[in-house]
Amino acid sequence: MDFQNGVVERLGTPQTLAAAADALAAARAAGVPVIHVRVGFRPGYPEVSPANQSFSAIATSGADLSEGGPATQVHADLAPADGETVVVKRRVSAFTGSDLEVVLRAQGVRTLVLGGIATSGVVLSTLREAADRDYRLVVLADACADADPEVHRVLTEKVFPRQAEVTTVARWTAAS
């Protein structure tokens, strides 16, 4: 989730991208449905309320986060393969302002394996919302990154295990 050019440039690490690429390859090899999630807005940001502190700052910064712009496209190292779904969201959670729930329901998906940038952003928000929707959850800790390594550690070691299995890409791949 949010492995898109503009986010990877600011918060991604080579290790996180490599782990995510390994997870992606393993999912494809095992026939696990892959859904890419990215954040993007219509030109002029009509979805962004001035009350939303995070997104209103982005909307007024001059950054181009239009859904067709280069900053919102999935990073080349994790590019969608033919037939893979790309969900565009309008908020931090992958569910809010997107059709993710419809896609998951249509495919009969009940378990989500999460990786993304940032651990304290899209991963946390999506995990919480998915748990409230009764999905079984797996978080690939090494396929997540955050601007603050201590926040990443606390979330993956103390917070996420209350609602999800937290593992590494290598352990998940070996178990799949």
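Index from 1, following the sequence. Basis for what follows: all heavy atoms, side chains included, without hydrogens, waters or symmetry-related copies. Note that the coordinates shown come from a computational prediction; the quantities given were computed from them, not determined experimentally.
With Thr126 contributing its side chain and Ser93 its backbone, the two residues share no donor-acceptor pair below 3.5 Å. The main-chain N or O of Pro70 is found under 3.5 Å from a side-chain atom of Asn5 such that the two form a donor-acceptor pair. Although no hydrogens or angles enter the test, the distance criterion places a donor-acceptor pair under 3.5 Å between the side chain of Gln73 and the main chain of Gly69. Here the side chain of Arg42 pairs no donor or acceptor atom with the backbone of Ser66 at under 3.5 angstrom.
The ring pair (Phe, Tyr, Trp, His ring centres under 6.0 Å) analysis of residues 35-92, with sequence neighbours excluded, yields the pairs Phe41-Tyr45, Phe41-Phe55.
Using a 4.5 Å heavy-atom threshold, the side chains of Lys89 and Val37 count as touching. Looking only at side-chain heavy atoms (C-beta outward), Leu137 and Glu165 stay at 4.5 Å or farther from each other. Using a 4.5 Å heavy-atom cutoff, the side chains of Asp142 and Thr16 are not in contact. Using a 4.5 Å cut-off on side-chain heavy atoms (C-beta onward), Phe160 and Leu124 make contact. Between Val34 and Leu24 there is a side-chain heavy-atom pair separated by less than 4.5 Å.
Under 4.0 Å is where a charged nitrogen must lie from a carboxylate oxygen, and between Arg110 and Asp134 no such pair does. Ion pairing of Arg91 with Glu47 is absent here, as no side-chain N (NZ or NE/NH1/NH2) approaches a carboxylate O to less than 4.0 Å. Salt-bridge check for Glu67 with Arg38: failed, with every basic side-chain N at 4.0 Å or more from each acidic carboxylate O.
Cluster membership for Val88 and Phe95, using ILVMFWY side-chain heavy atoms within less than 4.5 angstrom, is not shared. In terms of hydrophobic clustering, with Ile, Leu, Val, Met, Phe, Trp and Tyr side chains grouped at heavy-atom distances under 4.5 Å, Val113 and Val109 are assigned to different clusters. Linking ILVMFWY residues whenever their side-chain heavy atoms come closer than 4.5 Å, directly or via other members, places Val39 and Leu65 in the same cluster. Taking hydrophobic clusters as Ile, Leu, Val, Met, Phe, Trp and Tyr residues chained together by side-chain heavy-atom distances below 4.5 Å, Val87 shares a cluster with Leu127. Residues Val7 and Leu17 share a hydrophobic cluster, clusters being chains of Ile/Leu/Val/Met/Phe/Trp/Tyr side chains in contact below 4.5 Å.
Side-chain contact check for Tyr135 and Glu101: at least one donor-acceptor pair (N or O, by modelled atom type) lies under 3.5 Å. Under 3.5 Å, the side chains of Asp146 and Ser120 contain a donor-acceptor pair of N or O atoms.
Nearest heavy-atom pair, Leu78 versus Ala20, reported as atom, atom and distance to 0.1 Å: CD2-C, 3.7 Å. Nearest heavy-atom pair, Val169 versus Ala143, reported as atom, atom and distance to 0.1 Å: CG2-CB, 4.0 Å. Residues Ala94 and Val122 come closest through the heavy atom pair N-CG2, 4.4 Å. Across all non-hydrogen atoms, the minimal contact from Leu155 to Pro161 is O-CD, 3.8 Å. Considering every non-hydrogen atom in both Ser56 and Ser49, the closest pair reads CB-O, 3.6 Å. Nearest approach of Val139 to Ala164, heavy atoms of both residues: CG2-CB, 4.1 Å.
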Working for side-chain contact (heavy atoms from CB on, under 4.5 Å), residues Ile35 and Glu84: CA-CA 6 Å; Ile35 300 171; Glu84 290 178 348; over 6 Å; no

Worked check of side-chain contact (heavy atoms from CB on, under 4.5 Å) between Thr167 and Leu140: CA-CA 5 Å; Thr167 189; Leu140 303 176; 3.8 Å; yes

Residues Ile117, Val8; criterion side-chain contact (heavy atoms from CB on, under 4.5 Å); working and verdict: CA-CA 7 Å; Ile117 305 174; Val8 169; 4.1 Å; yes

Criterion side chain to side chain donor-acceptor pair (under 3.5 Å) on Thr72 and Gln4, from CA distance to verdict: CA-CA 5 Å; Thr72 66; Gln4 59 195 65; 5.3 Å; no

Trace of the side-chain contact (heavy atoms from CB on, under 4.5 Å) decision for Arg128 with Val159: CA-CA 10 Å; Arg128 293 288 197 182; Val159 177; 3.5 Å; yes

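Taking CZ from Arg133 and CZ from Arg105, the interatomic distance works out to 9.0 Å, rounded to the nearest 0.5 Å.
Looking at residues two or more places apart in sequence or on another chain, you find a side-chain contact (heavy atoms from CB on, under 4.5 Å) between Ser54 and Asn52.
The number of heavy atoms from other shown groups lying within 6.0 Å of CD (Gln53) does not exceed 12.
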